[in-house]
Amino acid sequence: APKAIIAPSILSADFANLGHDCSKTISQGADWLHVDIMDGHFVPNLTWGPPIVAKIRGHVEKPTEAYGKGTFDCHMMIAEPKKWVKEFKKAGCDLYCFHYEAAFSTAAESPEAKSDKKTSPKELIKYIHDQGMLAGIALKPATSVDVLWEILESEDPKERPDMVLIMTVEPGFGGQKFMASELPKVQELRKRYPELNIEVDGGLGPSTIDQAADAGANVIVAGSAVFGAQDPSEVIALLREAVEK
Ligand code: DX5
Ligand code: ZN
């Protein structure tokens with residue numbers, strides 16, 4: 001399996017000290033920052049947009065290689081993922097992870113542009129790659145993992161995702177209960193793709209990490225478990241050990 005990547009979700013950071021919290025979590029051993037983008041439409045919650053992402057980018061050193069330390073892993077819980085690709089690239093996003101469920105939206109390329117053309121997950125992945133970012137595809141709990149096979153097997157490598165995100169809660173809020181019912185998706189993906197980056201997000205922490213790691217996840221998002229801990233560096237180390245054991 002690929003190496004362990006620990007990605008604290010800054011949804012549980014102190015929003016009044018976001019820049020500080022972002023650089024601190026990296027110095028405490030985190031690999032990536034998981035940046036949750038919510039539009040109040042795809043999910044019933046709102047977070048932040050490109051100006052804030054650009055500001056916090058200034059507090060975290062840019063990765064020197066693909067998947068390197070300081071990667072901004074932007075989890076796009078938005079209804080029109082294609083519309084925001086260029087804006088988030090400009091803001092400093094490194095990995096643009098959109099939801100499969102939203103990928104068939106109208107394919108406008110910028111907030112100003114209007115289009116009636118529908119996009120598809122494979123077209124969107126190619127578009128993200130053409131803009132110079134890594135591409136991820138996320139599945140909500142209700143979505144079958146079977147929708148992914150055709151995408152992962154695309155003949156054009158530019159249409160294949162660099163990461164798959166299996167949600168282990170309903171997207172929208174931090175601090176929810178881990179859904180072990182989602183782990184068979186991770187197992188199935190790992191069985192077929194030994195080298196794929198498989199991310200899990202929602203309810204991960206010291207008491208749930210072993211199940212997720214045993215299923216084959218290697219990219220671990222944790223919000224409340226990291227930012228709520230007495231000693232975040234200890235939790236980050238524990239998550240890493242569970243994946244690498
Ligand atoms: C939920 C977000 C998660 C969230 C996880 O919609 O995608 O990234 O911050 O929070 P915890 O780790 O507290 O479940
Ligand atoms: Zn997330």
Side-chain angles (χ1 to χ4, degrees), residues 4-15 18 21-22 25 28-49 52-53 56 71-79 81 84 88 93-103 133-143 161-183 185-186 197-213 217-230 232 234-236 238-240 242-243:
I5 293 169
I6 311 302
S9 163
I10 59 171
L11 193 58
S12 291
D14 174 1
F15 290 178
L18 209 43
D21 272 16
C22 290
T25 196
Q28 286 168 333
D31 300 291
W32 294 1
L33 276 191
H34 183 82
V35 183
D36 287 299
I37 314 293
M38 307 188 191
D39 67 352
H41 186 59
F42 182 75
V43 287
N45 197 6
L46 275 171
T47 53
W48 39 62
I52 297 199
V53 174
I56 57 179
T71 291
F72 269 33
D73 165 28
C74 294
H75 177 192
M76 309 305 296
M77 287 164 273
I78 63 174
W84 296 96
F88 277 87
C93 169
D94 303 292
L95 192 163
Y96 192 94
C97 184
F98 64 89
H99 266 270
Y100 172 82
E101 300 83 3
M133 292 184 285
L134 297 170
I137 183 164
L139 298 189
K140 293 214 266 186
T143 305
D162 304 292
M163 185 183 83
V164 169
L165 164 52
I166 299 298
M167 289 305 297
T168 45
V169 297
E170 281 302 335
F173 301 91
Q176 302 183 79
K177 190 173 176 292
F178 178 74
M179 295 167 70
S181 57
E182 300 311 296
L183 293 178
K185 294 181 187 175
V186 176
N197 281 306
I198 305 175
E199 182 175 58
V200 283
D201 180 11
L204 273 306
S207 62
T208 50
I209 185 60
D210 286 329
Q211 300 169 63
N218 71 299
V219 185
I220 310 298
V221 177
S224 46
V226 168
F227 286 98
Q230 281 279 38
E234 195 177 75
V235 174
I236 291 169
L238 182 150
L239 296 174
R240 189 185 307 286
V243 176

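Sequence positions, counted from 1, serve as the residue numbers for this chain. Ligands are counted one by one from 1 in listed order, and the atoms in each one are counted from 1 as well.
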Inset, instruction - Please write down residue, atom name and distance for the protein heavy atom closest to atom 7 (O) of ligand 1. - result: D201 OD2, 2.8 Å
Legend entry - Under 3.5 Å donor-acceptor, S9 side chain and A222 backbone: no
Inset, instruction - For the residue pair C22 and I10, establish whether any side-chain heavy-atom pair is separated by less than 4.5 Å. - result: yes
Inset, instruction - Return the residue, atom name and 0.1 Å-rounded distance of the protein heavy atom closest to atom 13 (O) of ligand 1. - result: S224 OG, 2.5 Å
Legend entry - ligand 1 atoms in contact with M77 (distance to a heavy atom under 4.0 Å): 6 (O), 7 (O)
Inset, instruction - Determine the sole option in I166, N218, T168 for which the side chain to side chain contact (heavy atoms under 4.5 Å, CB included) test with V186 is passed. - result: I166
Inset, instruction - Tell me the protein N, O or S atoms under 2.8 Å from the Zn ion (ligand 2), in chain and number order. - result: H34 NE2, D36 OD1, H75 ND1, D201 OD2
Inset, instruction - Give the atoms of ligand 1, by number and element, whose distance to some non-hydrogen atom of P171 is under 4.0 Å. - result: 6 (O)
Inset, instruction - Sequence neighbours left out, what passes ring-ring contact (aromatic ring centres under 6.0 Å, His included) with H75? Give chain and number order. - result: H34, H99
Inset, instruction - For D201 and V221, indicate whether the former's side chain and the latter's backbone hold a donor-acceptor pair under 3.5 Å. - result: no
Inset, instruction - Spell out, as yes or no, whether a donor-acceptor pair under 3.5 Å connects the side chain of T47 to the backbone of M38. - result: yes
Legend entry - Which residue and heavy atom of the protein sit nearest atom 11 (P) of ligand 1, plus the separation: G175 N, 3.6 Å
Inset, instruction - Measure the distance from atom 2 (C) of ligand 1 to every protein heavy atom, then report the residue, atom name and distance (to 0.1 Å) of the closest one. - result: D36 OD1, 3.4 Å
Legend entry - Backbone N/O of P81 and side chain of Y96: donor-acceptor pair under 3.5 Å: yes
Inset, instruction - List every atom of ligand 1 that sits less than 4.0 Å from any heavy atom of A222, numbering the atoms from 1 in the order shown and giving each element. - result: 12 (O)
Legend entry - T208 side chain to G203 backbone, donor-acceptor under 3.5 Å: yes
Inset, instruction - For D73 and L95, indicate whether the former's side chain and the latter's backbone hold a donor-acceptor pair under 3.5 Å. - result: no
Legend entry - Under 3.5 Å donor-acceptor, E101 side chain and K140 backbone: yes
Inset, instruction - List every atom of ligand 1 that sits less than 4.0 Å from any heavy atom of H75, numbering the atoms from 1 in the order shown and giving each element. - result: 7 (O)
Legend entry - ligand 1 atoms in contact with G202 (distance to a heavy atom under 4.0 Å): 14 (O)
Legend entry - Distance from atom 10 (O) of ligand 1 to nearest protein heavy atom, with residue and atom: G174 CA, 3.5 Å
Legend entry - With sequence neighbours excluded, residues passing salt bridge (Lys or Arg N to Asp or Glu O under 4.0 Å) with D36: none
Inset, instruction - Only heavy atoms count here, so choose which of S9, G203, G223, C97 is nearest to atom 9 (O) of ligand 1. - result: S9
Inset, instruction - Output yes when the distance from some N or O of ligand 1 to some N or O of G172 is under 3.5 Å, and no in every other case. - result: yes
Inset, instruction - May I ask you to list the atoms of ligand 1 that are less than 4.0 angstrom from any heavy atom of H34? - result: 8 (O)
Legend entry - Nearest-option assignment for atom 1 (C) of ligand 1, heavy atoms, candidates F173, F227, F178: F173
Legend entry - Backbone N/O of E170 and side chain of Q176: donor-acceptor pair under 3.5 Å: yes
Legend entry - Sub-3.5 Å N/O-N/O distance, E170 and ligand 1: no
Legend entry - Partner set under salt bridge (Lys or Arg N to Asp or Glu O under 4.0 Å) for D31, not counting sequence neighbours: R240
